[in-house]
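To keep things clear, I will list the structure first and then write my remarks on it.
Below, chain A is the first sequence line, B the second, and so on; all start at residue 1.
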Amino acid sequence: MRYIEEFQDPRLAQRLLEEIHRTVTRPWALMEVCGGQTHTIIRHGIDQLLPDSVELIHGPGCPVCVTPLEMIDKALAIASRPEVIFCSFGDMLRVPGTDRDLFQVRSEGGDVRVVYSPLDALHVARENPDRQVVFFGIGFETTAPPNAMTVHQAHRLGIRNFSLLVSHVRVPPAIEAIMRSTECRVQGFLAAGHVCSVMGTEEYPRLSERHQVPIVVTGFEPLDILEGVRRTVLQLERGEHHVDNAYPRAVRPEGNAAAKAMLADVFEVTDRSWRGIGTIPDSGWRLSARYRDYDAEHRFPVADLRTTEPADCRSGEVLQGLITPHQCAAFGNTCTPRNPLGATMVSSEGACAAYYLYRRLGDGAEKQEANSVV
Amino acid sequence: MCLAVPGKVLEIEERDGTRMASVDFGGVVKEVCLEYLPDLCVGEYTIVHVGFALQRLDEDSARQTLELFTQLGLLEEEFGDPWEQAARQDREVPR
Ligand code: SF4
């Protein structure tokens with residue numbers, strides 16, 4: 001068992017597809033929450049293999065995409081300071097701020113470094129005791145535990161020249177906001193499997209009940225996505241709504257207790273603004289009072305920045321599933337992964353970038369481009 | 001960046017009071033922090049995200065899931081209406 005190829009088997013994909021075709025009698029609109037799932041769906045052309053009556057709406061689960069412009073501008077301001085070494089995941093480098101990105105800061109002399117893990121940034125801090133090392137802490141419930149552990153370690157080891165620029169977001173409040181929106185068309189959710197690996201599933205029964213919506217915890221390989229879709233439409237066809245786990249090899253109901261305990265210690269829940277969507281109550285984390293000293297926003301004055309979103313970019317509508325990237329006039333013209341106008345074009349988990357990679361040519365030629373599973 | 005991936009634990013060691021492992025991702029080996037899965041053993045698979053093991057992969061439930069997929073449609077093939085199946089096969093003949 002290697003847990004990857006087995007879940008890409010074309011014969012089993014065919015069986016799942018047939019079963020879905022047999023099950024569906026009416027149109028249904030499902031949302032896959034996580035950008036990693038969007039990537040798998042577009043890459044393998046899964047949306048095109050499903051019955052026409054099953055629509056997949058791409059959710060806001062790409063952390064690069066939803067990090068608000070204001071936070072990017074703060075990162076740019078901090079990274080430009082001469083005493084700072086600014087460490088980040090690679091895919092934040094091209095995210096456009098109001099008038100530049102981290103790449104430009106680096107070419108103008110800023111010390112911007114790409115790291116694979118937040119622990120690498122802590123290592124940089126140890127090696128450079130006379131510099132201030134700042135790590136850009138973005139992401140969902142999957143990235144928050146590694147960042148929490150890193151701050152905890154900095155505290156434990158007495159590393160004082162390390163701080164975190166925190167822009168963490170949480171999935172359940174986003175699902176709540178999507179369901180409350182008057183424009184919402186979503187009838188069932190494929191919940192983000194790895195978020196549930198950490199957090200478990202206990203936050204979801206309430207949501208499913210309140211909004212009468214099936215929520216199926218779903219993995220990331222093609223067969224996982226198909227199984228998530230199958231179980232969701234099965235509930236919908238039967239008029240049921242409950243929480244179901246289609247990814248049991250990686251998700252236990254209780255999640256990871258040690259990670260949850262660390263999150264509760266290092267972070268506290270706060271309102272967060274999501275790029276293109278706006279502020280969602282209780283949808284994020286910031287450092288708790290005990291660790292406030294490690295907050296880069298406290299260490300560096302970045303309060304009075306003026307931010308403006310580019311007028312042409314419709315990523316807010318893309319992130320809410322209101323339009324597909326093809327419907328944006330800038331797509332593939334003035335906006336490409338090399339020169340992105342919006343964050344959804346930057347990371348391969350963003351819907352615009354996924355469409356650009358696998359489906360640039362528009363409707364007719366799409367099928368050949370998609371790396372089909374069957 | 002957000003993609004967490006499965007990898008196999010090759011080696012475990014203690015460093016600076018932190019439990020670390022070398023994890024193999026289909027040939028690429030990386031250092032991974034095990035603080036959130038302290039009882040993970042050499043030879044087991046784990047979901048890794050930005051250098052941290054977040055959850056172990058359970059072989060039994062992986063097999064059960066695959067088994068379930070294999071059986072999809074079989075019941076119908078055995079007990080379904082033969083006329084309906086013949087009609088469907090007709091429709092499925094490549095054009
Ligand atoms: S294609 Fe570019 S400009 Fe259009 S919505 Fe996507 S990121 Fe924004």
Looking at [atom1] of [X] and [atom2] of [Y], how far apart are the two atoms once the value is rounded to the nearest 0.5 Å?
{"X": "A:Glu227", "Y": "B:Leu66", "atom1": "CD", "atom2": "CG", "answer": "10.5 Å"}
{"X": "B:Thr65", "Y": "A:Leu12", "atom1": "OG1", "atom2": "CG", "answer": "11.5 Å"}
{"X": "B:Asp58", "Y": "A:Arg249", "atom1": "CG", "atom2": "CZ", "answer": "10.5 Å"}

For [X], is it the side chain, the backbone, both or neither that has a heavy atom under 4.5 Å from a heavy atom of chain A?
{"X": "B:Lys30", "answer": "side chain"}
{"X": "B:Tyr36", "answer": "both"}
{"X": "B:Asp60", "answer": "neither"}
{"X": "B:Ile47", "answer": "side chain"}

Which portion of A:Glu6 sits near chain B, non-hydrogen atoms under 4.5 angstrom: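 Both the backbone and the side chain of A:Glu6 come within 4.5 Å of chain B.
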Interface moiety of A:Leu16 toward chain B, non-hydrogen atoms closer than 4.5 Å: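 For A:Leu16, the contact with chain B is made by backbone and side chain together.
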[Y] side chain reached by [X] side chain, heavy atoms, under 4.5 Å:
{"X": "A:Glu141", "Y": "B:Leu54", "answer": "no"}
{"X": "A:Arg22", "Y": "B:Leu72", "answer": "no"}
{"X": "B:Val50", "Y": "A:Tyr116", "answer": "no"}

Heavy-atom pair with the smallest gap, counting every atom of B:His49 and A:Thr143: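 Nearest heavy atoms, B:His49 then A:Thr143: NE2-OG1, 3.1 Å.
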Non-hydrogen atoms of A:Phe7 and B:Ala62 that approach each other most closely: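 Looking at all heavy atoms of both residues, the shortest contact is CZ-O, 3.9 Å.
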Chain B contacts, top residue of A:His39, A:Arg2, A:Gln153, A:Met262 (heavy-atom pairs, under 4.5 Å):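 The residue among A:His39, A:Arg2, A:Gln153, A:Met262 with the greatest pair count is A:Arg2.
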